[in-house]
Amino acid sequence: MTYNVYEALANRVVINTAYIDPDTRTQFAEVYFTKEGGKSIDTIYLSNEHDGVHIGNSFFHPDDPKKSHLPKGLGAGGVNGGLFISANNIPFNSIIYLPDKQRLTFQ
């Protein structure tokens, strides 16, 4: 679906994919990351491990290649979206905006 290459270090890439299981028609989203130009690739997000929540356009912080951002949509079960931010590539900390409470929560 989407990808982002950190301009100053072209070997760092975050790739966002989505697909539908042809048998069950279930939608899945997966996000992958490499800091070695594809020599090794880490899976950093699987929608089936996060309440079916899909990821929007994944991107790097413009000034810090160690910070990846994964904006979350809504899950099939009504799970709120939000934003995953990595402090050092992985793991991610989840920041969820709760509009009814006008505040941010961290998970």
Side-chain angles (χ1 to χ4, degrees):
M1 287 185 56
T2 64
Y3 64 92
N4 186 240
V5 178
Y6 190 76
E7 291 182 27
L9 300 170
N11 59 344
R12 289 182 180 266
V13 181
V14 64
I15 302 164
N16 185 15
T17 66
Y19 63 93
I20 297 174
D21 181 310
D23 297 325
T24 65
R25 306 296 297 158
T26 304
Q27 297 181 7
F28 294 94
E30 299 174 349
V31 181
Y32 302 96
F33 169 79
T34 181
K35 61 183 176 183
E36 302 168 339
K39 286 183 182 179
S40 66
I41 298 175
D42 295 312
T43 303
I44 59 174
Y45 187 88
L46 298 170
S47 61
N48 62 335
E49 294 178 357
H50 293 90
D51 299 311
V53 175
H54 284 240
I55 296 297
N57 293 334
S58 306
F59 58 94
F60 290 103
H61 186 284
D63 298 324
D64 188 350
K66 293 183 179 180
K67 285 190 177 180
S68 302
H69 296 71
L70 305 180
K72 296 167 38 176
L74 297 176
V79 176
N80 285 329
L83 181 65
F84 276 127
I85 300 176
S86 70
N88 188 12
N89 300 316
I90 48 178
F92 284 86
N93 292 318
S94 179
I95 300 173
I96 299 176
Y97 177 64
L98 303 172
D100 57 330
K101 298 189 170 66
Q102 296 296 309
R103 63 185 171 86
L104 293 174
T105 62
F106 295 84
Q107 294 182 340

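We count residues from 1, following the sequence as given. On a predicted model such as this, the values are computed, not experimentally measured, just so you know.
For Asn11 (side chain) and Lys35 (main-chain N/O), a donor-acceptor pair under 3.5 Å exists by modelled atom type. Listed for the Asn4 side chain is no donor-acceptor partner under 3.5 Å among the backbone atoms of Val13. Side-chain atoms of Asn48 do not come within 3.5 Å of backbone N or O of Phe28 as any donor-acceptor pair.
Here NE2 of His61 is found 8.5 Å from OH of Tyr6. Values are rounded to the nearest 0.5 Å. Note that the CD1 atom of Ile44 and the OG atom of Ser58 stand 6.5 Å from one another [nearest 0.5 Å]. Atom OG1 of Thr17 is separated from atom NE2 of His54 by 10.0 Å, given to the nearest 0.5 angstrom. One distance of note links CD of Gln27 with CD1 of Ile20; it measures 4.5 Å at 0.5 Å rounding. Remark: Phe60 CZ to Phe33 CZ distance equals 5.0 Å, nearest 0.5 Å. In this structure, CG in Asn57 is found 11.5 Å from OH in Tyr3, a value given to the nearest 0.5 Å.
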Do His50 and Tyr45 pass the ring pair (Phe, Tyr, Trp, His ring centres under 6.0 Å) test, and can you show the C-alpha distance, the side-chain angles, and the key distance before you say yes or no?
CA-CA 8 Å; His50 293 90; Tyr45 187 88; 4.4 Å; yes
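A continuous path of ILVMFWY side-chain contacts below 4.5 Å connects Val5 to Ile15, so both sit in one hydrophobic cluster.
Listed here is the closest heavy atom pair of Lys72 and Val53: CB-CG1, 3.7 Å.
Tyr19 and Glu30 share a donor-acceptor pair across their side chains, judged by distance under 3.5 Å alone.
The side-chain contact (heavy atoms from CB on, under 4.5 Å) check on Ile41 picks up Tyr32, Thr34, with sequence neighbours excluded.
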